[in-house]
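Shown next, in structure tokens, is the structure this report addresses.
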Amino acid sequence: MALTLAEANRVVEGAIAAANEMGIKINVAVCDAGGRLIAFNRMDGAIWGGVYGSQGKAVASAAFGRTSGELQERATTPIISGILAAEGGHGIPSQGGVPIIRDGVVEGACGVGGGTSQEDEDCARAGIAKL
């Protein structure tokens, strides 16, 4: 089953709720399994660079079916750099993106930008937990 807009919006809301609890301002993006944006939100006062960071982390996470942070140390390997280049360079292999996996199938990912790397990942996980 594909990730729906209603589900993607629940993920966004969950990530923002976590950010509010942490006292941080984030950008949060949810993409489908093909890395295409379904839902996005930028909290008031969040850094503008996080717009691109959150989407790029979601794309990388969906592409590889793992957290974008796991890709960080291997980002320069021929396979990962080649796939990201072929995809158009939109994927960002940096901590803060978490795949959405149901019944063993990657349905999309949530990417967050604006906090520390760990805060971003924690917010993404909190959002996904709302599914």
Side-chain angles (χ1 to χ4, degrees):
M1 181 172 146
L3 191 63
T4 68
L5 175 60
E7 291 170 327
N9 283 329
R10 279 204 316 266
V11 172
V12 168
E13 290 168 6
I16 289 173
N20 280 325
E21 289 176 14
M22 293 179 195
I24 61 172
K25 305 294 183 187
I26 63 166
N27 298 268
V28 57
V30 177
C31 70
D32 65 16
R36 300 302 168 239
L37 188 64
I38 298 174
F40 173 83
N41 209 313
R42 178 180 176 205
M43 294 175 69
D44 293 338
I47 59 170
W48 69 264
V51 170
Y52 303 103
S54 62
Q55 292 180 47
K57 293 173 189 181
V59 168
S61 183
F64 293 94
R66 60 192 61 205
T67 66
S68 55
E70 291 177 58
L71 303 170
Q72 192 167 338
E73 64 188 47
R74 300 184 320 219
T76 59
T77 64
I79 265 297
I80 292 178
S81 62
I83 290 170
L84 292 175
E87 182 276 328
H90 298 108
I92 298 175
S94 180
Q95 188 177 10
V98 177
I100 298 169
I101 301 172
R102 289 193 283 203
D103 299 323
V105 176
V106 176
E107 291 190 5
C110 176
V112 174
T116 66
S117 295
Q118 188 62 59
E119 288 170 337
D120 290 350
E121 184 172 316
D122 291 345
C123 288
R125 288 186 184 282
I128 292 169
K130 296 299 180 184
L131 291 179

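We number each residue from 1, following the sequence as shown.
Within the model, atoms CD1 of Ile38 and OG1 of Thr4 stand 8.0 Å from one another, a figure rounded to the nearest 0.5 Å. Ile100 contributes atom CD1, which lies 7.5 Å from atom CZ of Arg102 (distance to the nearest 0.5 angstrom).
Taking every heavy atom of both residues into account, Ala29 and Ala58 meet most closely at O-CB, 4.0 Å. Ala126 approaches Gly14 most closely through the heavy-atom pair CB-O, 4.1 Å. Across Ile92 and Ser68, no two heavy atoms sit closer than the pair O-CB, 3.8 Å. Nearest heavy atom pair, residue Gly35 against residue Val59, reads O-CG2, 3.4 Å. Ser81 approaches Ala75 most closely through the heavy-atom pair CB-O, 3.4 Å. Scanning all heavy atoms of the two residues, the minimum distance from Leu71 to Ala60 falls at CD1-O, 3.7 Å.
Within the 4.5 Å cutoff, the side chain of Asp122 has heavy atoms near those of the Met22 side chain. The side-chain heavy atoms of Arg125 and Thr67, taken from C-beta on, include a pair separated by under 4.5 Å.
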Please step through side chain to side chain contact (heavy atoms under 4.5 Å, CB included) for the pair Leu131 and Leu3, ending with a clear verdict. CA-CA 10 Å; Leu131 291 179; Leu3 191 63; 4.3 Å; yes
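Ile79 CD1: 12 or fewer foreign heavy atoms inside a 6.0 Å radius.
Note on Val98 and Ile24: same hydrophobic cluster, where clusters join Ile, Leu, Val, Met, Phe, Trp and Tyr whose side-chain heavy atoms are under 4.5 Å apart, directly or indirectly. By the rule that hydrophobic residues join a cluster once side-chain heavy atoms approach within less than 4.5 Å of another member, Leu5 and Val12 end up as members of one cluster.
Residue pairs meeting the side-chain hydrogen bond (donor to acceptor under 3.5 Å, both in side chains) criterion with at least one partner in residues 50-65, sequence neighbours excluded, are Lys57-Asp120. Pairs of residues two or more places apart, or lying in two chains, never qualify as side-chain hydrogen bond (donor to acceptor under 3.5 Å, both in side chains) while including a residue from residues 19-39.
Residues meeting the side chain to side chain contact (heavy atoms under 4.5 Å, CB included) test with Cys110, sequence neighbours left out: Val11, Val28, Val30, Val112, Ala124, Ile128.
With respect to Gln95, the side-chain hydrogen bond (donor to acceptor under 3.5 Å, both in side chains) criterion is satisfied by exactly one of Glu119, Gln72, Gln118: Gln118.
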